[in-house]
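This report refers to the structure that appears directly beneath it.
Chain letters run A, B, ... following the sequence lines, proteins first and then strands; every chain starts at 1. Quick caveat: nothing in here was measured; it's all calculated off a predicted structure. All values below come from the heavy atoms of this structure, side chains included, with hydrogens, waters and symmetry mates left out.
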Protein chains: 2
Amino acid sequence: MPRTRKVDKTVAQQKALSAFWKIGYNQLGVRALEEATGINRFALQKEYGGKAGLFIKVLDDYLLLSENGVFNNVSNGGLEEVATLFLMRADNETLPEETRYGCLAINTACENDGKNEEINHRIMNFFDMIGDAFKSALSNEKKQGTLKDNVNIQQACEFLRGELIGLNVVARANRDNQAILPAVKFTANIVRSWKK
Amino acid sequence: MPRTRKVDKTVAQQKALSAFWKIGYNQLGVRALEEATGINRFALQKEYGGKAGLFIKVLDDYLLLSENGVFNNVSNGGLEEVATLFLMRADNETLPEETRYGCLAINTACENDGKNEEINHRIMNFFDMIGDAFKSALSNEKKQGTLKDNVNIQQACEFLRGELIGLNVVARANRDNQAILPAVKFTANIVRSWKK
DNA sequence: ACCTATACTAGACACTTGTCTTGATTAAAA
DNA sequence: TTTTAATCAAGACAAGTGTCTAGTATAGGT
């Protein structure tokens, strides 16, 4: 009869996500990954196809969670949901501890030398999804007749995406979500000012 | 009598900067660095103290060049100079080719696991300098009595820094400065709207 | 042409890397 | 208790890593 795993698969993947998020794909070695997750190198190879396979798995989980979570609220909401997204990004009380290391996708976009198509594809899709979420929110507001006429939705959604990404980088550089509090407040005010 | 170098030191350092910028510190090995720059491993060790030493050297040159260049104009200018900075960031004609790989400092901030104090220190200083440059520009405008009263300088300069950093990441993800054109236009408009 | 002294080549080195593998362990069903 | 079959430990492996080095090459002054 088969022997059960020493570590729960879901828990191990959560720990892998955390380790990749904090340390980065390149600087996290397989032995450190074993230490951090409890997944031994045999299971890493057999279950995930190796380090890269586990990384893709946890990246996919992360992207899906983001898309179904905060960005879903934005897509289905309006300016207030957008403002809330920004304000929440500086709220240590509600956020996972890992968020002071930025965003896994953004970190990966920067440390990625572009040769890994599987990673490129996912990063581009994620960035597009962020832009689309903001576009939906602005479009929802426009449909309700509550968006100021001078707001160029096409540009505004890319502007918002840029700001969100940038603030994640600043949070990471400081290892502190509070570092971006002034900027998120300012951004929330700009967003709210777009309401009629 | 000493033998002269096969490669010009300044040119070699320029090539090193380019390679680190595009590929990243972690993914660029010493042999590839030799290939890219013409600096052999003997000179790398003797002249720079190794790979890390060369990286710190070119990072310092890069940060100084940025500070004395575009951010100096911003520090000594006002809202128009800020707007121009953003618009220029999407202008392929005037920018070095490397800029479609983002910004070396930002890339480094993301791929850095935080254990290297020499790098941490430089990144933090650079981010502070960016914020200070925007603060100076806004303060200059205020001193002239031409900044709208409702603009919170403390928050606005951090907001601008966030946007600039984020747009560099988006440019890198796309490997194309044109990808941030809508966002820089929008940002420039926001900045210009702060003028009385 | 010769000499000096630095630069260069490229292999060596010790260590790390991700992957692979074998024998041991052991969960759990029978 | 025994058996089965999956998991585990951890060493092996080949390749790569950054650094070090010895012998060679050679620029340039004399």
Side-chain angles (χ1 to χ4, degrees), chain A residues 1-59 107-108 111-119, chain B residues 1-60 108 111-119:
Chain A
M1 204 39 123
R3 175 179 174 176
T4 53
R5 289 269 170 86
K6 274 178 77 174
V7 291
D8 179 61
K9 197 165 170 175
T10 304
V11 170
Q13 285 172 193
Q14 275 295 331
K15 288 177 172 176
L17 167 62
S18 185
F20 280 125
W21 195 334
K22 292 175 174 177
I23 300 168
Y25 179 84
N26 287 319
Q27 291 201 289
L28 181 66
V30 165
R31 284 151 189 77
L33 187 54
E34 286 186 287
E35 281 292 312
T37 63
I39 304 175
N40 57 71
R41 64 200 73 160
F42 171 81
L44 186 64
Q45 215 55 42
K46 189 167 183 301
E47 199 70 35
Y48 300 100
K51 177 189 177 186
L54 175 59
F55 179 72
I56 291 292
K57 169 66 182 159
V58 303
L59 181 63
N107 299 343
T108 302
E111 75 163 330
N112 178 32
D113 69 352
K115 296 191 178 83
N116 188 321
E117 268 307 312
E118 277 194 294
I119 292 182
Chain B
M1 201 42 119
R3 176 178 173 179
T4 53
R5 289 270 169 84
K6 274 179 76 174
V7 290
D8 178 61
K9 198 165 171 177
T10 304
V11 170
Q13 284 173 192
Q14 275 294 332
K15 288 178 171 175
L17 166 63
S18 184
F20 281 125
W21 195 334
K22 292 176 173 178
I23 300 169
Y25 179 83
N26 288 319
Q27 291 202 289
L28 181 64
V30 166
R31 282 149 191 78
L33 188 53
E34 285 186 288
E35 281 292 313
T37 63
I39 305 174
N40 56 73
R41 66 201 73 163
F42 171 79
L44 185 64
Q45 218 53 43
K46 189 166 184 302
E47 199 69 37
Y48 301 99
K51 178 187 174 187
L54 175 59
F55 179 72
I56 291 293
K57 169 65 180 162
V58 303
L59 180 63
D60 281 346
T108 302
E111 76 163 330
N112 179 31
D113 68 353
K115 296 189 178 81
N116 188 321
E117 268 308 309
E118 278 195 292
I119 292 182

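Distance check, rounded to the nearest 0.5 Å: CZ of B:R41 to CZ of B:R31 gives 4.5 Å. Atom CH2 in A:W21 sits 11.0 Å away from atom CG in A:L59 (nearest 0.5 Å). Atom CG of B:L28 sits about 6.0 Å away from atom NZ of B:K51, to the nearest 0.5 Å.
Rounded to an integer number of Å, the gap from A:I39 CD1 to D:dA10 C1' is 17 Å. Summarising the geometry, the separation between NZ on A:K46 and C1' on C:dC20 is reported as 14 Å, rounded to the nearest angstrom.
Distance alone, capped at 3.5 Å, places no donor-acceptor pair between the B:E34 side chain and the B:N40 backbone. Between the side chain of B:K15 and the backbone N or O of B:L33 there is no donor-acceptor pair closer than 3.5 Å. Distance alone, capped at 3.5 Å, places no donor-acceptor pair between the A:Q27 side chain and the B:N112 backbone.
B:E111 and B:Y25 get closest at one heavy-atom pair: OE2-N, 2.7 Å. Residues B:L54 and B:A16 come closest through the heavy atom pair CD2-CB, 3.9 Å.
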Report, as a single string ordered 5' to 3', how protein heavy atoms within less than 4.0 Å touch nucleotides 12-23 of chain D: B base, S sugar-phosphate only, - not at all.
B-----BBBB--
5'-to-3' dot-bracket of DNA chain C (Watson-Crick, G-U; under 3.5 angstrom; crossing pairs as [ ]; | other strand)
||||||||||||||||||||||||||||||
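OP1 or OP2 of C:dA28 lies within a sub-4.0 Å distance of a side-chain N or O belonging to A:T4.
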